[in-house]
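Written out below as structure tokens is the structure these notes cover.
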Amino acid sequence: MLLPVYTTGSLRFLLLLQIQFANAEDKQEFQKYPTKAGRRSLSRSISQSSTDSYSSAASYSDSSDDETSPRDKVQTNSTGSSDFCVKNVKQAEFGRREIEIAEQDMSALISLRKRAQGEKPLAGAKIVGCTHITAQTAVLIETLVALGAQCRWTACNIYSTQNEVAAALAETGVPVFAWKGESEDDFWWCIDRCVNAEGWQANMILDDGGDLTHWVYKKYPSVFKKARGIVEESVTGVHRLYQLSKAGKLCVPAMNVNDSVTKQKFDNLYYADVTKNNICDRTTDVMFGGKQVVVCGYGEVGKGCCSALKALGSIVCITEIDPICALQGCMDGFRVVKLNEVIRQMDLVITCTGNKNVVTREQLDRMKNGCIVCNMGHSNTEIDVASLRSPELTWERVRSQVDHVIWPDGKRVVLLAEGRLLNLSCSTVPTFVLSITATTQALALIELFNAPEGRYKQDVYLLPKKMDEYVASLHLSNFDAHLTELSDEQAKYMGLNKNGPFKPNYYRY
């Protein structure tokens with residue numbers, strides 16, 4: 001059950017920040033397959049872990065660099081610390097420029113940092129994080145540090161890390177354990193190094209996908225039980241948390257950021273809308289006007305994909321299990337079909353359900369020559385990629401993150417990012433959209449860490465509506481937007497506080 005919460009502590013904190021933002025000037029501040037044996041094995045390619053979802057095309061330091069595993073290197077930063085493991089700490093200067101560029105379009109998060117760092121609302125927080133390590137998440141990490149937290153970080157996927165950004169974080173003293181192209185063994189080793197630090201014990205968890213939470217729960221139960229809270233941003237990770245809660249095994253409060261309004265209506269929707277750039281301009285060189293496309297799943301991500309492809313002139317149909325989402329698709333002008341009915345005619349198949357085996361080997365066998373297959377869900381379980389690793393099929397890497405899988409009769413299916421999340425595999429994503437989610441994550445951590453004992457029970461909670469509205473308000477200055485204020489008479493008539501929240505918890509935006 002979702003448990004919305006309105007807390008006086010968090011509202012006082014937000015009110016203080018809103019007062020400080022009143023000044024207009026302040027508002028302005030606002031691969032070729034791996035060839036080395038051992039750690040760079042192919043085992044990770046067919047892993048069903050949710051961590052296998054991402055790959056960053058934005059990293060300028062890919063596997064063509066030094067092939068020596070970072071685990072076999074001895075590196076120190078300029079202060080002499082070696083409490084990190086990255087590809088090459090000497091790339092820090094370049095990574096710092098990447099972070100500074102990201103900060104320019106994350107003005108809301110930077111403003112939150114400037115306004116709140118005086119009172120250090122996260123002083124005493126020891127946060128262990130497992131997210132994508134990109135320039136945008138680096139801005140979040142450095143904001144948490146500025147607000148008083150101690151952080152240790154690892155990547156939630158083996159391909160999403162921007163090596164130069166990880167180096168920049170390591171240079172500033174943040175213990176980072178991640179590099180692009182980790183093996184299965186590397187991935188879990190990095191998580192363990194983050195959690196198992198001598199003289200340091202995490203009391204907060206920030207996760208994306210649930211792998212870190214799962215590792216702490218299984219391997220370090222005493223750390224798990226003493227944590228003040230968990231913040232999770234992905235549908236996969238939230239599903240895992242609800243499973244723990246239902247089984248009575250969730251012994252700490254958790255904040256479901258994925259289902260916050262700002263995450264659903266901005267990150268999930270507009271994050272997916274950049275699909276048109278990823279699969280057309282930068283990956284396949286295919287023009288999608290007039291092409292037959294099926295999008296599996298019509299949630300917020302599916303809606304973004306369909307909108308983008310429709311704008312390109314594609315003929316789009318959708319698959320759905322939910323009659324409400326299916327009706328939405330019909331009203332938006334899309335035909336609702338079963339995948340088996342249309343699979344032979346499709347030029348492009350996109351999955352975005354969060355489920356497993358959405359596209360099976362049987363359906364892959366029936367696809368026509370040249371069909372493009374890709375995934376916009378969190379994990380690589382949606383497309384049965386493992387079944388394609390069979391002797392009768394030939395894999396041909398034609399460019400980074402683009403494989404031709406060749407059948408005995410010569411038919412080719414174009415597989416993007418080995419079935420992992422398309423956005424970070426084949427392109428970058430809008431920094432501004434990520435700013436919204438990062439600000440939401442920061443506020444969720446502040447709320448859970450500062451909540452008095454007993455306010456949150458051992459369950460999964462939604463972000464308070466007031467915080468959702470506050471995150472949105474922080475980003476309005478980027479558009480020079482001016483909110484209308486209720487008069488006392490209007491507020492009384494509507495039964496609202498003039499400062500919000502303006503919608504009831506059950507309101508569907």
Side-chain angles (χ1 to χ4, degrees), residues 3 5 7 9-14 16-17 106 108-133 136-154 156 169 174-175 194-195 200-210 212-213 216 223-224 226-234 237-238 241 250 252-260 262-263 267 434-453 455-456 458-468 470-471 474:
L3 303 175
V5 176
T7 64
S10 61
L11 297 188
R12 280 199 301 271
F13 177 73
L14 295 181
L16 173 63
L17 290 177
M106 301 181 79
L109 188 60
I110 297 299
S111 295
L112 175 65
R113 181 194 300 182
K114 290 178 178 178
R115 297 275 65 88
Q117 65 183 356
E119 61 180 86
K120 294 283 191 289
L122 289 175
K126 296 182 177 180
I127 304 171
V128 60
C130 184
T131 65
H132 310 291
I133 298 181
Q136 294 81 13
T137 51
V139 178
L140 169 62
I141 294 167
E142 294 187 342
T143 296
L144 300 178
V145 172
L147 299 186
Q150 296 178 31
C151 296
R152 298 178 67 86
W153 227 263
T154 188
C156 67
L169 288 169
V174 177
C194 265
V195 179
W200 194 91
Q201 181 171 306
N203 54 24
M204 298 291 293
I205 296 173
L206 178 58
D207 208 355
D208 183 352
L212 171 61
T213 302
V216 176
V223 175
F224 190 78
K226 293 178 181 178
R228 298 278 289 272
I230 300 168
V231 174
E232 172 59 57
E233 76 146 309
S234 76
V238 166
L241 287 174
L250 184 63
V252 296
M255 196 71 81
N256 171 5
V257 168
N258 180 72
D259 291 310
S260 64
T262 44
K263 177 69 162 60
D267 188 321
L434 294 181
S435 173
I436 297 173
T437 297
T439 306
T440 305
Q441 289 171 309
L443 288 174
L445 286 165
I446 291 170
E447 167 63 17
L448 280 178
F449 183 71
N450 289 282
E453 189 174 351
R455 175 179 291 171
Y456 291 107
Q458 299 165 355
D459 213 328
V460 184
Y461 293 80
L462 280 177
L463 196 73
K465 180 62 68 72
K466 181 63 177 174
M467 284 192 178
D468 258 327
Y470 181 63
V471 170
L474 289 182

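Computed from heavy atoms alone, side chains included, the values below leave out hydrogens, waters and symmetry copies. Residue numbers start at 1 and run along the sequence shown.
- With sequence neighbours excluded, the residues forming a side-chain contact (heavy atoms from CB on, under 4.5 Å) with Ala146 are Arg113, Gln117, listed by chain and number.
- Separation of atoms CD1 (Ile205) and CD1 (Ile127) is listed at 11.0 Å; rounding is to 0.5 Å.
- For Met255 against Leu462, the heavy-atom pair with the smallest separation is SD-O, 3.6 Å.
- Within the 4.5 Å cutoff, the side chain of Arg152 has no heavy atoms near those of the Val195 side chain.
- Counting heavy atoms from C-beta outward, Tyr456 and Val252 have side chains that stay 4.5 Å or more apart.
- Between the CG atom of Leu434 and the OG1 atom of Thr131 there is a distance of 10.5 Å, given to the nearest 0.5 Å.
- Under the salt bridge (Lys or Arg N to Asp or Glu O under 4.0 Å) criterion, no residue pair touches residues 436-446, with sequence neighbours excluded.
- Taking every heavy atom of both residues into account, Leu112 and Leu147 meet most closely at O-CD2, 4.4 Å.
- By the 4.5 Å heavy-atom criterion applied to side chains, Trp153 and Ile133 are counted as neighbours.
- Atom CG in Asn258 sits 12.0 Å away from atom CG in Leu463 (nearest 0.5 Å).
- Scored by the side-chain contact (heavy atoms from CB on, under 4.5 Å) test, Val145 finds Cys151, Val174 as partners (sequence neighbours excluded).
- Counting non-hydrogen atoms of neighbouring residues, nucleotides and ligands closer than 6.0 angstrom, the NZ atom of Lys120 exceeds 12 such neighbours.
- Once rounded to the nearest 0.5 Å, the distance linking CG of Leu445 with CG of Leu206 reads 5.5 Å.
- Residue Leu241 comes nearest to Glu232 through the heavy atom pair CD1-CB, 3.6 Å, listed as atom of the first residue, atom of the second, then distance.
- By the side-chain hydrogen bond (donor to acceptor under 3.5 Å, both in side chains) test, Ser260 pairs with no residue at all, sequence neighbours left out.
- Of all the heavy atoms in Leu212 and Gly129, the pair that sits closest is CD2-C, 3.9 Å.
- Between Leu443 and Glu447, every side-chain heavy-atom pair lies at or beyond the 4.5 Å cut-off.
- Panel note: side chain Asn450, backbone Pro121; a donor-acceptor pair is recorded below 3.5 Å.
- Looking at residues two or more places apart in sequence or on another chain, you find a side-chain contact (heavy atoms from CB on, under 4.5 Å) between Asn203 and Ala125, Lys126, Arg228, Phe449.
- Residues Met467 and Thr440 fail the side-chain proximity criterion, which asks for heavy atoms closer than 4.5 Å.
- With sequence neighbours left out, Phe224 forms a ring-ring contact (aromatic ring centres under 6.0 Å, His included) with Tyr217.
- Under the 3.5 Å distance criterion, the side-chain polar atoms of Thr439 are left unmatched by any main-chain donor or acceptor of Val471.
- With rounding to the nearest 0.5 angstrom, the CD atom of Gln441 is 10.0 Å from the CG atom of Asp207.
- Residues Gln458 and Leu250 approach most closely at CB-O, 3.1 Å, considering heavy atoms.
- In this structure, Gly237 and Ser234 approach most closely via the heavy-atom pair N-OG, 2.9 Å.
- Looking only at distances, no side-chain donor or acceptor of Asp208 sits under 3.5 Å from a matching main-chain atom of Cys156.
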